[in-house]
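Beneath this line is the structure, given in structure tokens, with notes to follow.
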Amino acid sequence: QVQLVESRGGLVQAGDSLRLSCAAPGPILRFYAMGWFRQAPGKEREFLGRITWTSGRTYYEESVKGRFTISRDYGNLTAYLQMNFLKPGDTAAYYCAATRTYGATASGDYDTWGEGTQVTVSS
């Protein structure tokens, strides 16, 4: 499977916004949805949400509802994570991943991953 290409994160202040992108450089067989995860040091990888590719329907975990928005460019196989009102607790490495599984929320259900990008939110 191809590896997804993520945009660079960065250092931001609390309350700021940041948008990440995630692009598939080639087609993904039986591609169903793109998800976003994050992982802080010493913690398990946390599922944030996903977008179904054909319909554009989104699903968000409670931790990011109302602050984060997932969107996609269907034809360019690119997903976005718009993060608003960032908090220091959002500091983590952020990953995108593609899945062929309906309703996937676990990292094990995702087949193709980006390398991750660091987002650090200062107070």
Side-chain angles (χ1 to χ4, degrees):
Q1 298 276 39
V2 299
Q3 186 175 44
L4 306 178
V5 180
E6 296 185 40
S7 63
R8 196 89 332 256
L11 174 64
V12 299
Q13 296 184 21
D16 283 355
S17 297
L18 186 66
R19 189 186 72 170
L20 303 178
S21 65
C22 171
I28 302 173
L29 186 63
R30 296 185 295 275
F31 178 47
Y32 179 73
M34 193 82 78
W36 287 94
F37 297 78
R38 66 185 180 190
Q39 188 168 24
K43 296 185 177 180
E44 295 292 316
R45 190 163 296 182
E46 177 189 9
F47 174 69
L48 302 177
R50 65 172 180 267
I51 185 164
T52 301
W53 213 251
T54 55
S55 69
R57 292 194 305 270
T58 54
Y59 173 87
Y60 302 98
E61 291 296 308
E62 292 294 331
S63 61
V64 300
K65 278 184 177 178
R67 297 192 299 121
F68 291 8
T69 302
I70 301 172
S71 60
R72 93 287 199 225
D73 183 334
Y74 179 88
N76 288 321
L77 292 174
T78 302
Y80 302 91
L81 179 65
Q82 178 68 45
M83 300 180 288
N84 299 322
F85 306 104
L86 283 162
K87 307 172 182 178
D90 296 320
T91 296
Y94 283 73
Y95 298 84
C96 62
T99 183
R100 296 173 288 183
T101 302
Y102 169 78
T105 59
S107 60
D109 292 327
Y110 286 78
D111 306 297
T112 305
W113 291 80
E115 290 186 343
T117 188
Q118 180 67 34
V119 174
T120 301
V121 185
S122 64
S123 60

Q | Candidate pair Y59 and I70, rule side-chain contact (heavy atoms from CB on, under 4.5 Å), full reasoning | A | CA-CA 9 Å; Y59 173 87; I70 301 172; over 6 Å; no
Q: Using side chain to side chain contact (heavy atoms under 4.5 Å, CB included) as the criterion, point out the one residue from M83, Q118, Q39, E46 that pairs with Y94.
A: M83
For [X] and [Y], which heavy atoms make the closest approach, and how far apart are they?
X: R50; Y: A33; value: CD-CB, 4.4 Å
X: T112; Y: L4; value: O-CD1, 3.6 Å
X: R45; Y: Y95; value: NH2-CZ, 3.6 Å
X: F37; Y: A97; value: CE1-CB, 4.2 Å

Q. Between W36 and I51, is a side-chain contact (heavy atoms from CB on, under 4.5 Å) present by the stated rule, with each step listed?
A. CA-CA 9 Å; W36 287 94; I51 185 164; over 6 Å; no
Q.
Is there a side-chain contact between Y102 and T52 in this structure, where contact means two heavy atoms from C-beta onward sitting under 4.5 Å apart?
A.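 They are not in contact (no side-chain heavy atoms under 4.5 Å apart), so the answer is no.
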How far does [atom1] of [X] sit from [atom2] of [Y], to the nearest 0.5 angstrom?
X: K43; Y: R38; atom1: NZ; atom2: CZ; value: 8.5 Å
X: F85; Y: F68; atom1: CZ; atom2: CZ; value: 11.5 Å
X: K87; Y: S123; atom1: NZ; atom2: OG; value: 14.0 Å
X: L48; Y: D90; atom1: CG; atom2: CG; value: 9.0 Å
X: L11; Y: S122; atom1: CG; atom2: OG; value: 5.0 Å
X: Y110; Y: F47; atom1: OH; atom2: CZ; value: 4.0 Å

Q.
Test your reading of the model: is there a side-chain donor-acceptor pair from R72 to the backbone of W53, 3.5 Å cut-off?
A.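 Yes: the side chain of R72 pairs with the backbone of W53.
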Q) What do you reckon, is CD of E61 surrounded by more than 12 foreign heavy atoms closer than 6.0 Å? A) yes
Mind listing the side-chain donor-acceptor pairs of residues 17-32 below 3.5 Å, one per line with the distance, residues two or more places apart or on another chain?
from	atom 1	to	atom 2	distance (Å)
S17	OG	N84	OD1	2.9
S21	OG	S7	OG	3.4

Q: Group every Ile, Leu, Val, Met, Phe, Trp and Tyr by side-chain heavy-atom contacts under 4.5 Å, then state whether Y80 and Y74 land in the same group.
A: no
